[in-house]
There are 4 protein chains.
Amino acid sequence: MINNVILVGRLTKDPDLRYTADGQAVANVTLAVARNFKTSDGVVETDFINCTLWRKTAENTANYCKKGSVIGVTGRIQTRNYENETGQKIYVTDVLAESVKFLGTKPQQSRELVEN
Amino acid sequence: MINNVILVGRLTKDPDLRYTADGQAVANVTLAVARNFKTSDGVVETDFINCTLWRKTAENTANYCKKGSVIGVTGRIQTRNYENETGQKIYVTDVLAESVKFLGTKPQQSRELVEN
Amino acid sequence: MINNVILVGRLTKDPDLRYTADGQAVANVTLAVARNFKTSDGVVETDFINCTLWRKTAENTANYCKKGSVIGVTGRIQTRNYENETGQKIYVTDVLAESVKFLGTKPQQSRELVEN
Amino acid sequence: MINNVILVGRLTKDPDLRYTADGQAVANVTLAVARNFKTSDGVVETDFINCTLWRKTAENTANYCKKGSVIGVTGRIQTRNYENETGQKIYVTDVLAESVKFLGTKPQQSRELVEN
DNA sequence: TTTT
DNA sequence: TTTT
């Protein structure tokens, strides 16, 4: 079945790189992605999307990107759930990155050129 | 910023259609999307992805689709959070559908034709 | 740079499988993809999109699909150009498939559930 | 049927803005999109993808972008054909833009962070 | 709360 | 836990 995601957004903090027990690099980042439309009272909201990166992609992103960096991510949505300490079921959704592209770090004035 | 999702999967239950106070139709569905790869022990896992549909898209999907229907969804990831009764912060991620395509209901033998 | 395509459409003819001089399987297919909107005079038009498949993807698609099959393709747009016999420059654009998913063969009543 | 494209690339020249007989703005641009992989002899090739923009999207892109600008485009592939003066059938494929996002103009050091 |  |  098809499951494809493409994001361009800004890192909310430095990538958090770790290694699994068997030595696989893994990093988690959160992308702030401003919406292209406003609420009824004119506010631009932002979605905060968690992404999981593996291996070289994780290491390279940790090396080249930091809080505020603009990156493009392609990947797929993944879901899982677990029970927390209090026995409550917690549902987790994030994006498993297949590729990451570094798009810059400057106070970049990205600008929406569409109107429908 | 860019935020695009494309999914093809199966409804885990009948669409749940409601109306907001001001009369907007809204439906929630969950798509079961089998992964295209197996775990290290050969299991095909499935992601369960919640989608929110509005207006005509919500009504049409509720009319034409049911548990087991295969649909294609394009849209964007949205996130929000709230505090539950016990004061715990709950993070919610789902897909805001922009279009929905009905792709059939049969015991459809979808088959992956890729190998990398 | 980012270049991602997702298509669901119908094969206009049986896949055409060949092998390169060094034994790589390659297949060309054309996908008929009906548009989700009508012309000003109410006609639904169709785009005919050429796709190139390689290796296992080519062989599996040739084995499992035929004229009329509905498939999903993810991949990227590629362009090239050459001069024909009369010295005229010919520009060619097609989709390099990264994955192909077989979605059925029946006279499938795919139905658009969106309206904006 | 599904037909979705997402591109991030660089304008090969200034947008070419025109108006149809009935006053609709339309612009054509070509995006240079470097591939994320090399040929067998280590060359990074580039695809040159024609895009058609309409109305506000056309006008805004013509106003804010120029040769070298990096933009993100979402849209769909469209195909058409015609006979040229010599009676030869010419097939044309381009991307009908649904949204355009301006991502900067600097000699932007976009960098691929993936490896597969 | 999960579909075939 | 949120970026500019």
Side-chain angles (χ1 to χ4, degrees), chain A residues 1-3 7-16 28-36 43-51 61 65-73 77-83 88-94 102-112, chain B residues 1-3 7-16 28-36 43-51 61 65-73 77-83 88-94 102-112, chain C residues 101-104, chain D residues 101-104:
Chain A
M1 310 264 66
I2 293 172
N3 178 346
L7 303 172
V8 175
R10 222 170 193 108
L11 294 189
T12 61
K13 49 184 179 335
D14 291 355
D16 152 46
N28 288 289
V29 302
T30 299
L31 273 191
V33 185
R35 291 186 187 166
N36 299 337
V43 179
V44 172
E45 298 191 316
T46 296
D47 294 294
F48 296 96
I49 303 172
N50 296 318
C51 302
T61 302
C65 299
K66 56 177 206 278
K67 182 176 174 175
S69 296
V70 176
I71 66 172
V73 171
I77 297 176
Q78 59 184 2
T79 62
R80 58 179 221 275
N81 60 73
Y82 64 92
E83 278 184 19
Q88 195 181 18
K89 203 129 189 196
I90 305 292
Y91 294 89
V92 181
T93 299
D94 72 351
F102 182 36
L103 293 170
T105 297
K106 325 305 185 65
Q108 189 175 12
Q109 72 302 23
S110 159
R111 181 192 264 274
E112 183 66 15
Chain B
M1 311 264 68
I2 292 174
N3 178 346
L7 303 172
V8 175
R10 221 168 193 110
L11 295 189
T12 61
K13 52 183 177 335
D14 292 352
D16 152 44
N28 289 289
V29 301
T30 300
L31 273 191
V33 185
R35 290 186 188 166
N36 299 336
V43 179
V44 172
E45 297 192 318
T46 296
D47 295 294
F48 295 96
I49 303 172
N50 296 317
C51 302
T61 302
C65 299
K66 55 177 207 278
K67 182 175 174 175
S69 296
V70 176
I71 67 173
V73 171
I77 298 176
Q78 58 184 1
T79 62
R80 58 180 221 277
N81 61 72
Y82 64 92
E83 278 185 17
Q88 193 181 19
K89 203 125 188 201
I90 305 292
Y91 294 88
V92 181
T93 299
D94 71 351
F102 181 37
L103 292 171
T105 296
K106 327 307 187 64
Q108 191 176 10
Q109 73 299 23
S110 161
R111 181 192 264 276
E112 183 66 14
Chain C
K101 181 92 48 161
F102 181 35
L103 292 170
Chain D
K101 180 95 43 165
F102 181 37
L103 292 169

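Numbered from 1 within each chain, the chains take letters A, B, ... in sequence-line order. Any value given below was found using the heavy atoms of this structure, including those in side chains, with hydrogens, waters and symmetry copies removed. Keep in mind that this is a model prediction, so the values were computed, not measured.
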Looking for any heavy atom pair under 4.0 Å, which part of the strands does B/S69 touch: base, sugar-phosphate only, or nothing?
nothing

With a non-hydrogen cut-off below 4.0 angstrom, is A/K13 in contact with a base, only sugar-phosphate, or nothing?
nothing

Non-neighbouring partners of B/D47 that pass salt bridge (charged side-chain N to carboxylate O under 4.0 Å, His left out), sequence neighbours left out
A/R76, B/R35

Whole angstrom value for the distance that separates P of E/dT2 from CE of A/M1:
20 Å

Straight-line distance of A/R10 CZ to A/T30 OG1, nearest 0.5 Å
15.0 Å

For atom NZ of B/K67 and atom P of E/dT3, their distance in whole Å
5 Å

For the pair made of CG in B/L103 and P in E/dT4, what is the distance, rounded to whole Å?
16 Å

To the nearest 0.5 Å, how far apart are CD in A/E83 and NZ in A/K89?
6.0 Å

Among E/dT3, F/dT3, F/dT1, which nucleotide has an atom closest to any side-chain atom of B/K89?
F/dT1

Among the nucleotides F/dT4, E/dT3, E/dT1, whichever has the atom closest to the side chain of A/R10 is F/dT4

Could you give the NZ-to-C1' distance, from B/K66 to E/dT4, as a whole number of Å?
13 Å

Look at the side chain of A/T12 and decide which nucleotide, out of E/dT3, F/dT2, F/dT1, has an atom nearest to it.
F/dT2

Within this structure, what is the CG-to-P distance between A/L31 and F/dT2, rounded to whole angstrom?
16 Å

Among F/dT2, E/dT2, F/dT3, which nucleotide sits nearest the side chain of B/Y91?
F/dT2

Measure the distance from CG on B/N3 to P on F/dT2 and round it to the nearest whole Å.
19 Å

Salt bridge (charged side-chain N to carboxylate O under 4.0 Å, His left out) partners for A/D16, two or more places apart
A/R18

Nearest-Å distance for atom pair CD1/P, residues B/I77 and F/dT2
19 Å

Can you check the B/E45 CD to E/dT2 P distance for me, whole Å?
15 Å

Do the side chain of A/T46 and the base of F/dT3 come within less than 3.5 angstrom through a donor-acceptor pair of N or O atoms?
yes

Is B/T93 close to B/I77 at the side-chain level, that is, under 4.5 Å between some pair of heavy atoms?
yes

Donor/acceptor link under 3.5 angstrom from A/T30 side chain onto base of F/dT1:
no

